[in-house]
Amino acid sequence: MGKGRLGVRKLAALLTGILILDGALLGAAAGVWNGLSRAGGRENAYRAVHAGAASKELSETDRHREQKVVALTFDDGPHAIHTKALLDGLKERGVKVTFFLMGQSIEGNEELVDRMKAEGHLIGNHSYRHIPLTKAGEEAVCNAVEETELLIEEITGARPQYLRPPYGDWNENLECRLDLTTVFWSVDSLDWKLQDAGKIVENVEKRIKSGDIVLMHDIFPTSVEAALELVDHLSMQGYEFVTVEELLID
Ligand code: NI
């Protein structure tokens, strides 16, 4: 192998390092990480440190260590038909996701909530009704969040520790009596708007990178179809699917 080729390889490794570092800085700057700032900072710090090593030489071992992970999240359910279809598809594929449940949709769908827990998915709180929480009074918000906590606890025996506010609408005054971690997202699938599985998949695939939290809704058939197609596509690209909690802890 000539000197020229080696030079190109070193340059490629250096560029890869710079790209990774650049991605980490972009990630740190993204406003959507509000509620995850501590964990996000830790991950970005890890990536930045890792990029430093990669800029010198990116060995095969390093390449294998570069794990690609993504957390799919589903809001506004459970839905008797579509959530069931999603759970069936995820079970078939051995994939774990995160559900943010709306209190008012739980009644009559207890069996689905039970399945989520039994099949290893993470269950979070999406408040009781789909209203912008900063427009409601603090007391009303806390009651709505707490009521949903209790409904889920009655079924699964555990209180959710994560909250996704409807519309991502939240401020510090709404910390409540409950010490929940607020989770936003980094990729919006726009599934509610697109209502077309192919377009949803395309929209997510052109944005996705490791460490992303993808926002979807398990109340539309097109979203469920898109989610399962995404799982199949991204698995082939080497992605692993984790819950929001696993993403934050790792
Ligand atoms: Ni929602």
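Worth knowing before you read on, the calculation uses all heavy atoms, side chains too, and leaves out hydrogens, waters and symmetry mates. Atoms within each ligand, like the ligands themselves, are counted from 1 in listed order.
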(message) For P78, is there any backbone N or O sitting under 3.5 Å from a side-chain donor or acceptor partner on N109?
(response) yes
(request) Could you name each residue pair satisfying salt bridge (Lys or Arg N to Asp or Glu O under 4.0 Å) that touches residues 186-198, not counting sequence neighbours? (result) none
(request) Less than 2.8 Å from the Ni ion (ligand 1) is the window; count the protein N, O or S atoms in it. (result) 3
(request) Classify the side-chain pair T243/E246 by whether it contains a donor and acceptor separated by less than 3.5 Å. (result) yes
(request) Take T73 and R164 through the test side chain to side chain donor-acceptor pair (under 3.5 Å) and record every step on the way to the result. (result) CA-CA 10 Å; T73 66; R164 175 173 283 157; 2.8 Å; yes
(message) Going by the rule side chain to side chain contact (heavy atoms under 4.5 Å, CB included), which residues pair with D88 if we only count those two or more places apart in sequence or in a different chain?
(response) K84, R115
(message) Applying salt bridge (charged side-chain N to carboxylate O under 4.0 Å, His left out), can you list everything that pairs with R129, at least two apart in sequence or on another chain?
(response) none
